[in-house]
Amino acid sequence: MEETVQHSIPRIGEKAPSFKAVTTQGEIDFPKQYEGSWVILFSHPADFTPVCTSEFMTFASMENQFAELNCKLVGLSVDGLYSHIAWLRTIKEKISYKGMKDVEVKFPLIEDITMEVAKKYGMIQPGESNTKAVRAVFIIDPKGVIRAMIYYPLSMGRNFDELYRAVQALKAADEFSIATPADWRPGDDVIVPTAGSCGVAKDRMEGKVEGVTCHDWFFCTKKLDKDTVLKAIFKK
Ligand code: BEZ
């Protein structure tokens with residue numbers, strides 16, 4: 001029986017929809033073959049376009065940084081494999097941009113001419129385009145669970161430092177059972193879980209809990225040393 005393709009947006013906390021696909025690095029079985037690693041699955045609207053080219057050069061230049069976080073990258077557009085190959089060759093051989101040149105995109109780029117994967121991941125958003133994927137990003141954890149999602153329109157290039165920060169923050173939250181405040185970076189104070197009883201709230205507000213600073217009973221932070229964070233999140 002023919003498989004029905006869903007037009008849906010996956011949700012945070014759910015298993016990443018699975019698929020098999022042809023890529024510039026051979027076939028992949030997603031997310032199964034990425035079990036044990038973090039992975040960023042991201043879409044771009046089209047090969048041989050300027051915003052996408054700037055994004056690919058930036059992401060490829062940061063691939064080793066993400067690898068140090070045990071995080072792999074996988075791209076997708078609804079173009080075909082030969083277009084992908086030609087575009088990646090052009091980037092490496094001809095494009096120089098913001099000090100980046102000779103950039104080799106080593107991570108897989110999925111061909112998705114049928115839009116099967118793009119539709120499963122809500123990457124086709126007809127209000128923006130019926131024929132191109134929007135700029136979607138899915139951060140998926142080592143168990144294959146979607147932990148964060150970002151969608152941008154065609155006209156707007158993404159901030160890859162923010163994606164790097166997001167993976168760091170997700171890993172730190174898992175490692176230390178904390179939350180991270182606005183604009184958090186390793187070394188900044190972190191948020192401790194909200195008091196679960198009146199007694200704990202009172203103790204914290206009376207300064208009886210060592211190392212915890214409360215701005216109000218529901219908003220308490222503590223120091224988390226940068227080296228401690230980095231050591232934990234850079235481990236495999
Ligand atoms: C770009 O990457 O430059 C682009 C792609 C599709 C539509 C608009 C811009």
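Atoms within each ligand, like the ligands themselves, are counted from 1 in listed order.
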Could an N or O of ligand 1 be found under 3.5 Å from any N or O of Pro50, whether backbone or side chain? yes
Residue pair Val137 / Tyr152, side-chain heavy-atom distance below 4.5 Å: no
Residue, atom name and distance, where the atom is the protein heavy atom closest to atom 6 (C) of ligand 1: Pro45 CB, 3.7 Å
Test side-chain contact (heavy atoms from CB on, under 4.5 Å) on Val74 and Ile110 and set out the steps. CA-CA 7 Å; Val74 178; Ile110 295 168; 3.6 Å; yes
Does a donor on one side chain sit under 3.5 Å from an acceptor on the other, for Thr194 and Trp217? no
Phe160 side chain near Glu55 side chain, heavy-atom distance below 4.5 Å: yes
To check your reading of the model: name the closest protein heavy atom to atom 9 (C) of ligand 1, its residue, and the distance in Å. Leu154 O, 3.9 Å
In terms of residue, atom name and distance, what is the protein heavy atom nearest to atom 3 (O) of ligand 1? Val51 N, 2.8 Å
Are any non-hydrogen side-chain atoms of Pro45 and Arg135 less than 4.5 angstrom apart? yes
I'd like to check which ligand 1 atoms, numbered from 1 as shown, lie under 4.0 Å from a non-hydrogen atom of Thr49. 1 (C), 2 (O), 3 (O), 4 (C), 5 (C)
the protein heavy atom lying closest to atom 4 (C) of ligand 1 turns out to be Arg135 NH2, 3.6 Å
Is any side-chain heavy atom of Asp47 closer than 4.5 Å to one of His84? yes
Could you tell me, atom by atom, which parts of ligand 1 come under 4.0 Å of a heavy atom of Cys52? 1 (C), 2 (O)
